[in-house]
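In this text, all values refer to a predicted model and were calculated from it rather than measured experimentally.
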Amino acid sequence: MNKNNKKKTVIVTGFFGSPAEETARILSRDRNLPLVILDEEIEAADGRSVKRICMTEGEHSYRNKEFEMLEAFAGKECVILCGDGVLHDDMSRELIADCELVISGSDMSPDELWNGAKAVADTTYHAFMLFGTEEEKRTAFDKLLERQKILFKGESDD
């Protein structure tokens, strides 16, 4: 976790299944900063759910909307909760580089993350959680977790 408190914008993201929202709410409260939940801002501006945006326009369109919303809030004194894929976008990573980055779940086991992911399966836009057997879902989850470990390792001090 990057703990450079001189940066006024705190970005919270994390592994799928981690308590990223809880982490963001605690940081917001402890630092007395407003909390911005990026997906809620995108949905309010667009009028559709993130899941619907991804289904009808594809993830690329969602990532563009995510970048635009992140750009609107980055640099402000706030805590911004972002989804677990925000670091996949080069332009978003450039914005995040000027912020404090907190990655939730880096201290959790794969089983703990899997249990967290199952708890939110009906609200996720990760399609692999919506279809198939439990074993197929777990296999896809483990593959995502490995990609996230590589991605997040380059972005944190953990």
Side-chain angles (χ1 to χ4, degrees), residues 1-54 59 61-129 141 144-158:
M1 178 174 9
N2 177 354
K3 292 189 177 188
N4 182 351
N5 290 330
K6 294 179 182 176
K7 297 181 179 181
K8 58 186 174 180
T9 306
V10 182
I11 304 288
V12 178
T13 188
F15 291 92
F16 179 41
S18 73
E21 185 171 343
E22 179 182 344
T23 300
R25 289 188 187 286
I26 290 168
L27 284 169
S28 171
R29 182 195 68 221
D30 290 353
R31 296 188 186 185
N32 197 29
L33 293 171
L35 174 63
V36 175
I37 300 176
L38 213 59
D39 282 352
E40 289 179 3
E41 296 293 331
I42 292 167
E43 290 175 345
D46 187 88
R48 296 176 292 168
S49 69
V50 168
K51 188 186 282 187
R52 178 62 59 194
I53 294 167
C54 289
E59 185 176 355
S61 177
Y62 164 70
R63 293 289 169 215
N64 287 338
K65 293 174 188 302
E66 181 180 57
F67 169 77
E68 290 170 3
M69 198 59 68
L70 184 60
E71 187 176 43
F73 287 101
K76 297 184 177 176
E77 292 190 23
C78 62
V79 174
I80 303 173
L81 175 63
C82 301
D84 61 315
V86 70
L87 296 175
H88 289 284
D89 180 74
D90 292 337
M91 294 186 311
S92 292
R93 278 198 318 271
E94 287 177 17
L95 290 174
I96 291 168
D98 292 329
C99 303
E100 178 182 349
L101 177 63
V102 176
I103 298 175
S104 176
S106 59
D107 58 345
M108 296 174 70
S109 73
D111 286 338
E112 289 173 310
L113 291 168
W114 170 240
N115 287 330
K118 289 191 302 185
V120 297
D122 60 335
T123 62
T124 184
Y125 57 86
H126 290 295
F128 69 83
M129 292 298 289
F141 171 84
L144 172 65
L145 184 58
E146 287 307 310
R147 289 190 307 270
Q148 288 180 325
K149 283 181 182 178
I150 293 167
L151 181 66
F152 292 163
K153 184 176 180 168
E155 299 295 331
S156 74
D157 297 331
D158 291 338

Q: Show your working on side-chain contact (heavy atoms from CB on, under 4.5 Å) between Ile37 and Arg25 and close with a plain yes or no.
A: CA-CA 10 Å; Ile37 300 176; Arg25 289 188 187 286; 3.4 Å; yes
Would you compute the distance between atom [atom1] of [X] and atom [atom2] of [Y] and round it to the nearest 0.5 angstrom?
X      : Y      : atom1 : atom2 : result
Ser49  : Glu40  : OG    : CD    : 12.5 Å
Trp114 : Lys118 : CH2   : NZ    : 6.0 Å
Asn64  : Glu59  : CG    : CD    : 11.0 Å
Thr9   : Leu33  : OG1   : CG    : 9.0 Å
Ile42  : Ile53  : CD1   : CD1   : 6.5 Å

Side-chain heavy-atom pair [X], [Y] within 4.5 angstrom cut-off:
X     : Y      : answer
Leu87 : Phe152 : yes
Ile11 : Leu95  : no
Thr13 : Leu101 : yes

What are the two closest non-hydrogen atoms of [X] and [Y], and how far apart are they?
X     : Y      : result
Val50 : Glu43  : N-OE2, 2.9 Å
Cys78 : Ile80  : SG-CG1, 3.6 Å
Met69 : Leu38  : CG-CD1, 3.6 Å
Pro19 : Met108 : CD-SD, 3.4 Å
Leu70 : Cys82  : CD1-SG, 4.1 Å
Arg31 : Glu100 : NH1-OE1, 2.6 Å

Q) For Arg52, does the CZ atom have more than 12 heavy-atom neighbours from other residues, nucleotides or ligands under 6.0 Å away? A) no
(Q) Looking at Asn32, I want to see if its CG is surrounded by more than 12 non-hydrogen atoms of other residues, nucleotides or ligands under 6.0 Å. (A)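 Counting other residues, nucleotides and ligands, CG of Asn32 stays at 12 neighbours or fewer.
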Q) Salt bridge check: are Arg63 and Glu66 linked by an N-O gap of less than 4.0 Å? A) yes
Q) Between Glu146 and Lys149, does at least one N-O distance fall below 4.0 Å, as a salt bridge requires? A) yes
**Q.** Side-chain donor or acceptor of Lys8 paired with backbone N/O of Gly75 under 3.5 Å
**A.**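 Yes; at least one donor-acceptor contact below 3.5 Å.
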Q: Please confirm whether the backbone N or O of Ala24 pairs with a side-chain atom of Ser28, one donor and one acceptor, at under 3.5 Å?
A: no
Q: Determine the interplanar angle of the His126 and Phe16 rings, folded into 0 to 90°, and report it as parallel if under 30°, tilted if 30 to 60°, perpendicular if over 60°.
A: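 If you compare the ring of His126 with that of Phe16, the planes turn out tilted.
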Q: Sort out for me which residue in Ser104, Ser106, Pro110 forms a side chain to side chain contact (heavy atoms under 4.5 Å, CB included) with Phe15.
A: Ser106
